[in-house]
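Read the numbers this way: they start at 1 and go in the same order the structure lists the ligands and their atoms.
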Amino acid sequence: MACSSRITIGGLELAAKEKGIKLMGTSDFLHSAWLSEMEANLEPINDSELFRIKGSDTGIRFMLTGEVSTVFTGKDGKAKAIHHIIMLPTIESVKDLRSSLERYGKLDSDGRTPLSMSAAELVEKVFQVDKRAFVFPAHVWTPFFGALGARSGFDSLKDAYEDQEKHIHALETGLSSDPEMNLRISALDKYTLLSNSDMHSLPKLGREANMFEFDEKDFTYESVVNAIHNKDARHLKKTIEFYPEEGKYHFDGHKDCGYSADPTANRPTVCPVCGKKLVIGVLHRINDLADRQPGYAPKDAIPSVHIVPLREIISYVIKKGAMTMAVEKQYQLMISTFGSEFDILMDANLEDIAKASSEDMAEAIKNVRENKVNILPGYAGIFGEVGLLNRHKGRTNTLGIKQKSLFDVPKA
Ligand SMILES: [Zn+2]
Ligand SMILES: [Zn+2]
C-alpha cells in the first residue's frame, strides 16, 4: 500500500546513486513479496551482514530493516498506535521474526506491518528472535503513530516501551522535527537522534539521512548499530535534516479549512472556521514537554545540517512542478555534471553551479546551505512551503513567501 510500482531493489539502487546514499535500509522486510524480491536480488557482502545487489559493483549497500505499526490500548485506556523501525543482521532472523509475529497481524496486508500488540511486547519478541537486533521509534513526534505524538502516543519513551525501554537507544526525529528541537527535552539526552527517509517513492529517498564514516573493513551491520547505540561521534558524523517547518505536522491546524496556527504565538485548540479540534503539531507538542529553551546543545550532540531536496529547489527556481519533465531534465543534467544530489546540496562550488544552470540556482542552494530560507510551516498533514531566493523575501505574506502552493509536492 502507498508504494510506487517503480520500487524494486534495482530501482532503489539507481535512485540511491543519484542521491549520494551509500547505505540504505531494505524496508518492509516482513512483507513476503518484498522479502522474495530481497532474496532474489541481494547477496551478503563477506561477513559484514550488509548486502549488495548480486554482482553489483556500485558500492551501495543494503541493511535489513522494516517498519511496523503496533496498535494497542494503553494503561490510560486510550488507543495507541506507534510505528517502530527494526534492524536485523540476517535473512534467517527476518524469517524467524515473521514466524514470531504472524499471530499478531496480517503480515502481508501492508509494507508497514500492522500488529495488535504493545510496543513492549514487540521489542521483547524482536530480541527473543535475535539479540543483535536494533529497534527504535519511527518519526517519534507525529500526532498519529509517533511514540511521543499528541494523538496516539505517550509522554515519554519509558511509558511507551515500559520495561523494554532498556533496549531503546535511539529515536527517529522525523520530518517535522530536527535535533535542535529534540535537544530541548533532557529526558531524550540518552537517545541517539536519527534521521531517515521514506522509501516508498524514489524521489523521496534522502530527504533526511545519517552520515557515517567507517574504514572499509569495519563497515558492518554491527559497527553501524554500535555507532548508533553508543552515539559515537567518531563514526556517526552528522545527520542531514529536512527543514522541520516544511514537515506536514509542524504547526497546529485544520486541513479542510486551510487553517494553521503558530503554537508559540497563540494557542487556540479549536479551528476558528469550523469549530473542530485542531491537529496539534510537533512544535506545540515539543513546547509542552520541553524543559530547556530553544538553542540548547549538549556537548555530545551529533551535528546536523538542513537541506531542501534538489528537485524542490529546481522546481522553485524554474517555476515548474517538482514532478514535471522540465524539473527532471534539469535534475539529471546537474547530477551528471556534479555527481550526486548530496554533492550538489552540500559541497559543489557555487560558481560552477551558476555556470552549469543559473545564477538563481546557485543563490537558492547558497541560501539553503546558509539556513537563509523562508518557510510557510506545514500543518495538519499539509507540507510547508519554502522560499529560496533573496528577491522573494518579505514580498507576499507575513512569513515572506507566497501562500499558494509553490511546489507540486504530493500531499499524502
Ligand atoms: Zn511510519
Ligand atoms: Zn476547520
Inset, instruction - Check for a donor-acceptor pair, side chain of W34 on one end and backbone N or O of S27 on the other, with a separation under 3.5 Å. - result: yes
Legend entry - Ion pair R292/D189, N-O distance below 4.0 Å: yes
Legend entry - Atom nearest to the Zn ion (ligand 2) - H254, N, O or S atoms considered: ND1
Legend entry - SB check E165 K190 (cutoff 4.0 Å): yes
Legend entry - N-O pairing of R61 and E216 below 4.0 Å: yes
Inset, instruction - Please report the number of protein N, O or S atoms that lie less than 2.8 Å from the Zn ion (ligand 1). - result: 3
Inset, instruction - Assess whether atom CD of Q293 is packed by more than 12 heavy atoms of other residues, nucleotides or ligands within 6.0 Å. - result: no
Inset, instruction - Using a strict cut-off of less than 4.0 Å between a Lys/Arg side-chain nitrogen and an Asp/Glu carboxylate oxygen, indicate whether R234 and E213 qualify as a salt bridge. - result: no
